[in-house]
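The sequence lines fix the lettering, A, B, ..., with proteins before strands; numbering per chain opens at 1. The structure displayed is predicted, hence computed values, not measured ones.
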Amino acid sequence: MFELNVNGQSHQVDVPADMPVLWVLRDVLGMTGTKFGCGIAQCGACTVHADGDAVRSCLLTVADAVGRQITTIEAIGGTPEGARVQKAWLDLEVVQCGYCQSGQIMSAAALLKRAPKPTDTDIDDAMSGNICRCGTYVRIRQAIHAAAEA
Amino acid sequence: MTYMAPTRRNFLKVGAALGGGLIVGLRMPGNARAEAAEANAPFAPNAFIRITPDGKITFIMSHTEVGQGIYTSASMLLAEELEVGLDQIEVEPAPPNVALYIDPNLGEQATGGSTSTIAGWGPLRIAGATARTMLVQAAAQKWRVDPATCVAARGVVRRGANGGGLTYGQLATAAAALPVPKDVALKPPSAFTLIGTPQKRLDTPGKVNGSLQFGMDVQIPGMKIGTVAACPVRGGTLRQIDEEAARAVPGVIDVVKLDDAVAVIGDHYWAAITGLRAAAAQWHDGPHGGVSTAGIIDALKQASDSDGFTALKRGDPHAAIAGAAKSLEAVYELPFLSHAPMEPINTTLHVRPDGADLWVGTQVPPRAQAAVAKNTGLKPEQVTVHNQYMGGAFGRRLDVDSIEQAARIAKNLSYPVKLIWSREEDITQDLLRPYYYDRVAAGLDADGKIVGWTHRTTCSWVMARWAPPGMKEGGKLDPDTVEGAMETPYDFPAQLNQTVRSEPDGVITAWWRGVGPTHNIFVVEGFVDELAAEAGIDPVDFRRRLAARNPRALGVLNLAAEKSGWGRKLPKGTGRGVSLQFAFNSYVATVLEVSVSDRGEVALHQAHVAADVGPVVNPDTLRAQLQGGLIFGLSMAMFNEITHANGRVLQSNFHDYRVLRMNEAPDVTVHIVDNPTAPIGGVGEAGTASASAALANAIFAASGRRLRRIPFATGQLAETGRS
Amino acid sequence: MKKKQFFFDRKNPKTFARFGSLPGYRRVSQETKVFCFFFSKKKYVLPLLLLSSSLAYAADNGEYLTRAADCAACHTKPGNVPFTGGRAIKLPVGTIYSPNITPDKDTGVGNYTDDEWVSALQRGVGHNGKYLYPAMPYNSYTLMSRQDALAIKSYLFSLKPVHNQVPANSLSFPFNQRWSLWFWNQVNNPAHRFEPDTQKSADWNRGAYLVQALGHCGQCHTPRNWMQGLKQGDQLAGAKQQGWLAYNITSDKTHGIGGWSDADLRQYLSTGTAPNHGPASGPMAEAITDSLRYLTAADIAAIVTYLRDVPPQTSGPPALLASAKTATTPDPLGVHVFNDACAGCHLPDGQGRQSAWASLAGDHSVGDPAGTNMLQILAHGSELRTNDRLVFMHEFTRSYTNEELAAAANYLTTTLSGRDSQVTAADIAAARTE
Ligand code: FES
Ligand code: FES
């Protein structure tokens, strides 16, 4: 039994210690906003926040997550950065297929929290771990700047 | 891929929906079954528009949403003529029904080849206008006034501009009883209020807060989750597994062995994948255990010595080249490619003795339905397809191999199961874009004019496998292999296009974003650039001369050149490359600026894309598609190739099948040529098709190095440094 | 280096399944299990050691000893059934293939008598008087007691015999002449058993036995003489083996492990990482995966006690201080590649996220300006299994060019160690083919 705090709510989950948080969220807690893309920390589709840091939930084991506050795409709109990012995403129509966007938004929200007025280099550093197969990078960059101005 | 089905004239048929309401859809004449089904029309979505008495307006989407924004664009076409706002409607995916939802360009109910907007442009507007006409008619009858005095707007029909009104919901039942008008008038472009304006996409709000459900996210009560390993060599079989070890993993529920694959089912994916690893499947490689990339290329090279099928011969190109002042020849190569959509392959299936439910994101719902039927012994109509949003497809979901496999697994299970392929499985078991081995030659006269042009491609013919009716010339030509090569924007006085079929051992080939043009435009535009250099003429000027009699081509070329500052001086090591194309019925010119360092690293700076697609439905989506499509193509040109050794694919995940990242992607600006009266073109693949030539040409401009083999970033530049 | 297709194929998962517990699935701690063995299974008398502390080391059954001696590492070809041999071991003079040591009579060790077995382990002379190649560390195992050798045999003989004919060795003359090993043995194999130092504690002696005999740590960590024998005076001073640098693990404060705390050392040996020392990789990761993680806390502590006392040596790159940072401007290509491929797990500053294994701060390998081990990791990846997880990194060679990887390696080393790193594209190219 592990106690996992997700979006301010505590959950008791009876899963193996090495089970990644990604699958706990998706298959045990039924929260499917966090996506599976690669399973090896290369794509960023599974990005969530652990105590405010953007982490790859496909490699974050449940044992390591105990005691940390996990925030997912389902709740990021409740933070000021998350809300601004989501709004900018819609204003600029960033999204295409959308599959990568939960992760992109989580990375972007973590970036804005750390660097409220990010430079292009800050954006490169923070966002290059998130792949978008549809190629929405041009708009992601614009939207992050827009969210920072908002 | 554009092939025309035997022309069947579509006509509109309107009927009453059970429970009242109005359904408008396309009907194929003489389809007795479909007509009979409609006689006692179920309250089921079997047409494009459904209006129920409670006022709910639903658009049924015959094309599937893979991220290209078609749900929004198609809705705009319907809503424009129906006179409703996009905020007043809901969309839902069409069920498999070829009779109703055929894409005439593809010859079946399918989404691909950048044909969706082309296919919908006429019929969807007619469907909307027909429904609106009948609703107005119904109102006019109620009020006993001339329909011409009634005005429809935002889902309400009013008597005169300011009169009282009846909603579409209130009118739906009465409208459904009316005869179908024969010829409805469509709005002139000047009257459009939606078409041509940037509209917010309907599917995006749920994609920014995690609430939208993709196929991967389907949750069915009682569902279990499984994962699969198929034999890493095509045609091989399962030798043995350690079933005991798999079942010993906590959470594992079932192990299903197929001839060529093994699936482990568990409470969650982690149990399933852990169980699958514990199963440590071992394989008999079968006949293709020796397949290697080198062997496949050798076979293609050899096959390229024969003439193959001559798709086009104009003049005497061989003589023209032989007599030319200068001649040039080259070999261009494009590798096998995996689709690697962001959402790995997944299928959710519940097979019961009397029927099955399938939840999947597919570009071909009828094929998906048939795949389940065939592998379970059920009848197609017993299989319900719940089409899902797709996290990209790029052609991958035009095939149903994974659905067939899922059916073979799920029929052994009594519960609904979601089968997820790991990314490793997704890449290694993908059906691949063909390897292309192209030989081109051309002659220039003393003025630098092209006098003769020959182009022979040697490759697998996807059409022969995927849709034999799409073959041309009595089955002797796969038209896709020469698309973008035969019809260029240019005048070549003498031209020869040949295609040689050579099927690779142990590899199944498939459609890939940009299809024929993605292959051929790289070759044609790369070689045209070589000829420009040989002639000592600026690449844009060289193309201007070649396309002198093609005003739309010139239009986009000049626009892209102007916006990119073509001709303006650049620092050493930096260069611009241009590519011009006619594909998917659209004209596109791309100018890309890159720099190449002394060590051979390529940095992508800025792209300007000019497009003339005829009428524009949603300009913002058009821009997005060209931006994303170009970046998708640049990923391919820079990094992507699938290689084989011992019959196995050597790449497995994004670390060795790289995708351009934020820090590597160029800025992309799109410029639209307004051309509302031209035939409408597709755009989902146009950017991808233009990418590799623009990049190869830019690298040449920056470094003097001519690259003819994709991918570029494999040390090709560093091998010899800048020259 | 082994070829891999998927990360989960790299090492046969069966290895772990067969060993009784998939780590992480049974939340029974190693101690608990060992404790059970003590009461339920046949207890071996500890080799030459004092029974007073036998309780602490009570894990001496054949399975435990087989793990401590890490037989699986060499005698399993990745992807195959454990102990069925066939793993290629590349030597300067050719390639040899580890034999099948399941009790199969045709292709395995099923015909070994007890005496032959003990002779193989202690003298390198096996069934029917055949000389073994010293890739088999019998010059370490020679210190093993007969009881322990036979305990290992009885464990292996309790396994299912698997018929697996391994490929023939391909050695050049004169190395293909097994009889010539007689001479080698005269010089390089002392052929004597471990003798406890009565001046030292029981703990120290147990540690010495584990390090010298079973764990055969010196096979990697002790430099070799011209005959490929172990240099006796330079015990554990660090050496290069099959492309990897096995670091100096003497008690020297700067070059060895003298600066590590006991707790860090224990954690590293059991789990493959410790705060400010980075993760184990390559052969050390294999040693942890296959062997060290199974050892009892008492045995790990004993190893630490012994290592503390190994005479200091000053060879090899000095250890890295976790706080070291460079002031030089990084190569933009290195930054670019690092952001692309590495920062996702290691973070732009290399401090790592989500698990301790991703932190490279203080890692010996990023403090080595020659980048020896980093090259191997970039070229071949690394994988480590602990008792509760699989930690892995992919090989990044296929889609990155030599230049890109060299730049990334230099960026990482200079950023994290402040040392001037000079890895070249040619170094990467060489590592790829190793
Ligand atoms: S799924 Fe976690 S990074 Fe790709
Ligand atoms: S929007 Fe499709 S992968 Fe990013």
Side-chain angles (χ1 to χ4, degrees), chain A residues 15-16 18-20 22-24 26-28 30-40 42-43 45 72-77 85-87 89-102 104-105 121 123-141, chain B residues 65-69 198 200-201 203-214 216-217 219 225 250-251 267-271 274 340-344 389-394 420 422-423 620-621 624-625 627-632 634-635 653-655 659-665 667-668:
Chain A
V15 297
D18 64 347
M19 182 162 169
L22 172 63
W23 301 109
V24 178
R26 291 183 56 84
D27 293 352
V28 179
M31 300 169 68
T32 57
T34 306
K35 303 301 184 202
F36 163 57
C38 70
I40 60 163
Q42 281 286 304
C43 79
T72 69
I73 186 70
E74 282 90 350
I76 196 65
V85 169
Q86 283 173 332
K87 179 171 182 306
W89 247 241
L90 290 176
D91 287 349
L92 288 161
E93 282 288 13
V94 167
V95 179
Q96 292 191 21
C97 84
Y99 196 80
C100 73
Q101 299 294 348
S102 298
Q104 305 279 5
I105 287 167
T121 313
I123 293 176
D124 280 348
D125 285 354
M127 303 302 294
S128 56
N130 288 74
I131 290 173
C132 175
R133 194 73 175 115
C134 298
T136 62
Y137 302 122
V138 177
R139 294 182 184 207
I140 289 176
R141 187 184 300 281
Chain B
E65 180 65 60
V66 294
Q68 81 281 43
K200 289 272 169 270
R201 279 175 54 168
D203 55 335
T204 48
K207 290 177 175 178
V208 301
N209 61 22
S211 64
L212 182 133
Q213 174 184 291
F214 292 87
M216 185 67 93
D217 305 330
Q219 297 184 59
I225 294 180
D267 289 329
H268 40 67
Y269 179 81
W270 190 243
T274 311
M342 208 65 218
E343 178 191 8
Y389 280 102
M390 280 164 260
F394 315 123
I420 299 172
S422 67
R423 173 60 65 190
D620 194 55
T621 296
Q625 282 299 296
Q627 286 174 330
L630 184 78
I631 290 174
F632 188 88
L634 291 171
S635 277
N653 207 318
F654 290 123
H655 71 291
V659 170
L660 223 54
R661 293 168 182 274
M662 172 63 90
N663 55 334
E664 299 168 323
D667 190 23
V668 185

To the nearest 0.5 Å, how far apart are [atom1] in [X] and [atom2] in [Y]?
X: A:Trp23; Y: B:Thr274; atom1: CH2; atom2: OG1; result: 11.0 Å
X: A:Tyr99; Y: B:Met216; atom1: OH; atom2: CE; result: 3.5 Å
X: B:Tyr269; Y: A:Arg26; atom1: OH; atom2: CZ; result: 11.0 Å
X: B:Phe632; Y: A:Cys132; atom1: CZ; atom2: SG; result: 10.5 Å
X: B:Met662; Y: A:Ile140; atom1: CE; atom2: CD1; result: 5.0 Å
X: B:Glu343; Y: A:Cys97; atom1: CD; atom2: SG; result: 8.0 Å

Heavy-atom pairs under 4.5 Å with chain B, option from [options] with the top count:
options: A:Leu90, A:Ile105, A:Ile123; value: A:Leu90
options: A:Lys35, A:Gln86, A:Met19; value: A:Met19
options: A:Ala45, A:Cys43, A:Gly37; value: A:Gly37

Need one label for [X]: side chain, backbone, both or neither, based on atoms under 4.5 Å from any heavy atom in chain A.
X: B:Leu634; answer: neither
X: B:Ala271; answer: neither
X: B:Tyr389; answer: neither
X: B:Val668; answer: both
X: B:Gln219; answer: side chain

**Study point:** Ion pair check, A:Asp124 and B:Arg661, cut-off under 4.0 Å
**Key:** no
Review point. When you check the gap from the basic side-chain N to the acidic O, do A:Arg141 and B:Asp667 get nearer than 4.0 Å?
Key: no
Below 4.5 Å, heavy-atom pairs only: which of [options] has the largest tally toward chain A?
options: B:Asp267, B:Asn663, B:Asp203, B:Leu630; answer: B:Asn663
options: B:Val208, B:Thr204, B:Leu212, B:Ile631; answer: B:Val208
options: B:Glu65, B:Gln68, B:Lys200; answer: B:Lys200
options: B:Ala340, B:Gly69, B:Ser211; answer: B:Ala340
options: B:Pro198, B:Ala665, B:Pro344, B:Gly392; answer: B:Pro344

Would a distance-only check, ignoring hydrogens and angles, find a side-chain to backbone donor-acceptor pair under 3.5 Å from [X] to [Y]?
X: B:Asn209; Y: A:Glu74; result: no
X: A:Arg133; Y: B:Pro341; result: no
X: B:Lys207; Y: A:Cys100; result: no
X: B:Arg201; Y: A:Gln96; result: yes
X: A:Tyr137; Y: B:Leu660; result: yes

**Study point:** Full working for side-chain contact (heavy atoms from CB on, under 4.5 Å) between B:Met342 and A:Ile131
**Key:** CA-CA 8 Å; B:Met342 208 65 218; A:Ile131 290 173; 4.0 Å; yes
Check your understanding: Does a side-chain heavy-atom distance below 4.5 Å link A:Thr136 with B:Gln627?
Key -> no
Review point. Is B:Pro205 close to A:Trp89 at the side-chain level, that is, under 4.5 Å between some pair of heavy atoms?
Key: no
**Study point:** A:Asp18, A:Val15, A:Asp27 screened by side-chain contact (heavy atoms from CB on, under 4.5 Å) with B:Trp270, the one that passes
**Key:** A:Asp18
Exercise for review: Please name the pair of heavy atoms, one in A:Val28 and one in B:His268, separated by the smallest distance, quoted to 0.1 Å.
Suggested key: CG2-CD2, 4.1 Å
Review point. B:Gly210 and A:Ser102: which non-hydrogen atoms are nearest, and at how many Å?
Key: CA-OG, 4.3 Å
Review point. Can you check side-chain contact (heavy atoms from CB on, under 4.5 Å) on B:Arg423 and A:Gln42, steps first, answer last?
Key: CA-CA 11 Å; B:Arg423 173 60 65 190; A:Gln42 281 286 304; over 6 Å; no
